[in-house]
Each structure stands twice: as C-alpha cells, then as structure tokens.
Protein chains: 2
Amino acid sequence: MLDNKKVTELLRKKGFKVTPQRLAIYNVLCNTKSHPNAEMIFNKLQPYYPTMSLATIYKTVDILNEIGLINILNVGEDAFRYDANMTSHAHICCTECGRIDDIMMNFDNCVTDVENQSSYNIEKYQFYFYGVCAECKAKKEKVS
Amino acid sequence: MLDNKKVTELLRKKGFKVTPQRLAIYNVLCNTKSHPNAEMIFNKLQPYYPTMSLATIYKTVDILNEIGLINILNVGEDAFRYDANMTSHAHICCTECGRIDDIMMNFDNCVTDVENQSSYNIEKYQFYFYGVCAECKAKKEKVS
DNA sequence: GTATCTGCAAATTCTTTGCAGTCAT
DNA sequence: ATGACTGCAAAGAATTTGCAGATAC
C-alpha cells in the first residue's frame, strides 16, 4: 500500500519505467478489498483509461508481483486474482457467492514448523480456506 | 486411497457408473506422489488405454472430486493438479523445478482459529508453501 | 534519442461442450 | 433397454506474444 511517490521510486530502482497505467493499476488494487481479477481491474479503469488493454494489465501485474508490490492468488477459479495487501494473511472464499475475504492472522509459526520438517527454504506461502459466508448462510436458512 | 471395490461401491452409491477408465484414473492418482495434472495422467495411461481422451480425464476428475475421492490443487501454474491423498495435509512447491511435495502436518487448529475469527463455516482448506527444494539448493550452490 | 511500454490482434494453452456411437446396469 | 459414458473434434476462455506506434527518461 505505498503512495505513488514510493511506487515510482521502486519501479525506477528495479529498472522499469513509470507509466500512468502502472500507477493506476496498482492504485485500483490498493483501494479495494475484493481481490479483483484482470477483467475486474480492466472494467474499473475503463472510464478513466478507455484505450487500456487487458494485455497491459497482465504485463503490469507481472511486474508488480516481481517487485514485491502485490500477490497473485489462485483460489481455484479459472482466473487469477490480485492483492496489494502484502502483510502476512490468509484468504477465505465463499463456495456459494465466490467472495474472497482476508483473514488477518499470522501463520509464521506454521512456516517455521514446515521449514523444520521439510528440506525446503520457504520463501512465501498462500493459505486458502473455503466455506460459506455469513450472508449466504442466512440466505440458505431463509429458503429451507 | 480406496481399493477398486470400495471405489466401485462409492461411485454406484452416488449415481455414477463404474468404468475401467474411471478406476484407472483413480489408481494412477493413488500410486503417485507427484500430484499430476491432466496431461500427466493421460501420458501415464496412454500405453494401457491408447484411445482414452483428455476430455474423459477432465470429466472423471470432476466426478472424483465431487464424491470426495480426490482434491484439486492450484499451485499457480497454468494447469490444475490432482491428489488422491485426502488426509489433512499441505503442499510445498519448488520455485526452481516445479516439484510438489506433501507436508504431512495437521492444521486443524488453524481452522478452528479462523472459524472463530471469521463468520464463515469452513468446509476445507488448501495450504501452499513455496520455496527451493533440497536438490535445487544443492545445484545452485555448485554453480556459484 | 533510444530503449521500453502500450494497445491491438493473433496465437497459445488448458479446459469444456456437443454429439454419435458404445457400454454399464 | 436405456440412460450414462467415452472419445473425437470443435468451441470457449484466460493469458501470452509479436509488432508498430507512442512515451518515459
């Protein structure tokens, strides 16, 4: 969740150019909690950057991921989702409506355990929980 | 990891027919630890079922997943991977060579914590760790 | 000024679908 | 006997690639 000035510095330091598109895409990700996929980012920016293409979004999220500004999520859908929240946390997906929420919980002790048990050097992790969210639970009860 | 007799019973009970292809695909998954994708399963069965198509594999893994015999994994590659090990465990992926290993560790206490913190009913979870495996670590050291 | 970037279109790749013939029950 | 299944080919969908013109530096 860096401001444009910091993002600019970081992009330059890593050898990438700073373009309005790149800043805009990162800002979309900073200002949402919905973990959008490429198309959702595209739709959000459509009014402001009507000529922007999906290819630019894909190229940009790759760069943002490479320089450590965002994470790429795989919840099991056909499309990837993107997240600018880089603090250690997990995700929980509703199997009914598809929403994805953050679980702001730290699992670093799990990482230590796993590193001790395996022969890997662990760089990062992704935890996904699946279940029915409160809203969908309520809806289901109303029906039955 | 059920035997053919138990798989047969389960398929019938859930209203699916029992075919040699279905048993063969499940058996491939039971007899490997490499978490194959559809194409790998296809290649493995090619000598024995030379006319089997990828479509059959995709349809079958969907059914096996639906009746609780396998899990579908998304490690972040382009293709899904399949796992017949249904005991609670996590996966660790080597970012160098792409291998996927099991972490036979139980994370049920995390599930309880998350269920308490969120308003979800949790049905299942997937934990993915990413890092460099022992073999790739050794290779890298030799080069430098 | 020049190397990189954007945006378009085409290509690629994994997965799904429709359908005719086959098989399980 | 019949409803479900297989296998083929074609379709679908997300992502990547190639390239010409535009832009950051």
Side-chain angles (χ1 to χ4, degrees), chain A residues 4-5 7-26 28 35-67 69-70 72-82 98, chain B residues 4-5 7-26 28 35-67 69-70 72-82 98:
Chain A
N4 283 349
K5 195 172 168 186
V7 177
T8 299
E9 279 174 24
L10 185 59
L11 279 167
R12 292 229 176 91
K13 196 175 74 183
K14 298 279 186 171
F16 296 104
K17 295 200 166 166
V18 179
T19 67
Q21 288 90 337
R22 287 176 181 174
L23 295 177
I25 290 167
Y26 180 67
V28 167
H35 311 87
N37 60 25
E39 201 177 359
M40 292 164 174
I41 299 172
F42 178 82
N43 290 335
K44 198 102 171 190
L45 289 174
Q46 188 64 13
Y48 310 103
Y49 296 81
T51 67
M52 183 186 287
S53 82
L54 266 172
T56 299
I57 293 180
Y58 284 113
K59 287 168 187 166
T60 300
V61 291
D62 273 353
I63 291 173
L64 294 177
N65 178 57
E66 192 182 327
I67 66 179
L69 280 182
I70 68 170
I72 299 179
L73 307 183
N74 285 194
V75 301
E77 298 170 326
D78 35 7
F80 293 110
R81 285 168 171 264
Y82 307 98
Chain B
N4 284 348
K5 196 172 169 186
V7 177
T8 299
E9 278 174 24
L10 185 59
L11 279 167
R12 291 227 177 92
K13 196 175 75 182
K14 298 279 184 172
F16 296 104
K17 295 202 164 162
V18 180
T19 67
Q21 290 90 336
R22 287 178 179 171
L23 295 177
I25 291 167
Y26 179 66
V28 166
H35 310 88
N37 60 26
E39 202 179 357
M40 292 163 174
I41 299 172
F42 179 83
N43 291 334
K44 198 100 172 191
L45 289 175
Q46 187 65 14
Y48 311 103
Y49 296 81
T51 67
M52 183 186 286
S53 81
L54 266 172
T56 298
I57 293 179
Y58 284 112
K59 287 167 187 165
T60 300
V61 291
D62 273 353
I63 291 173
L64 295 177
N65 178 57
E66 191 182 327
I67 66 179
L69 280 182
I70 67 169
I72 299 179
L73 308 183
N74 267 191
V75 301
E77 298 171 326
D78 35 8
F80 292 109
R81 286 168 170 263
Y82 307 97

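Order of the sequence lines fixes the chain letters, A, B, ..., with proteins taken first and strands second; residue numbering starts at 1 for each chain.
- With a 4.5 Å cut-off on side-chain heavy atoms, A:Val75 and B:Asn74 do not count as touching.
- The residue from B:Ile41, B:Asn37, B:Val28 that alone fulfils the side-chain contact (heavy atoms from CB on, under 4.5 Å) condition with B:Ile57 is B:Ile41.
- For B:Lys17, whose side chain is taken as the heavy atoms from C-beta onward, the closest listed nucleotide among C:dT25, C:dC5, C:dG7 is C:dT25.
- Rounded to an integer number of Å, the gap from CG of A:Leu11 to P of C:dC5 is 9 Å.
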Does the protein touch nucleotides 9-18 of chain D at the base, only the backbone, or not at all? Give it as B, S and - per nucleotide, heavy atoms under 4.0 Å.
-----SSBBB

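- Comparing C:dG7, C:dT25, C:dC5 by their nearest atom to the side chain of B:Val18 picks out C:dT25.
- Neither OP1 nor OP2 of D:dT6 sits under 4.0 Å from any side-chain N or O of B:Ser53.
- Remark: P of D:dT6 and CE of B:Met52 are 8 Å apart, rounded to the nearest angstrom.
- Within the 4.0 angstrom heavy-atom criterion, base atoms lie near B:Thr56.
- Phosphate contact (OP1/OP2 of D:dG7, side-chain N/O of B:Thr51, threshold under 4.0 Å): present.
- Contact annotation: the side chain of B:Lys59 never approaches that of B:Asp62 to less than 4.5 Å [non-hydrogen atoms, C-beta and beyond].
- Heavy atoms from other residues, nucleotides or ligands lying under 6.0 Å from CD of A:Glu77 number more than 12.
- The shortest distance between side-chain heavy atoms of A:Arg12 and A:Val18 falls below 4.5 Å.
- Close to D:dT23, at under 4.0 Å from its OP1 or OP2, lies no side-chain N or O of A:Gln21.
- Rounded to an integer number of Å, the gap from OH of A:Tyr49 to C1' of D:dA22 is 16 Å.
- Side-chain nitrogen and oxygen atoms of A:Arg22 include at least one within less than 4.0 Å of the OP1 or OP2 phosphate oxygen of C:dT6.
- Taking atom CG of residue B:Asn65 and atom P of nucleotide C:dT15, one finds them 13 Å apart after rounding to whole Å.
- In this structure, A:Tyr26 and A:Leu69 have side chains that are in contact, with non-hydrogen atoms separated by less than 4.5 Å.
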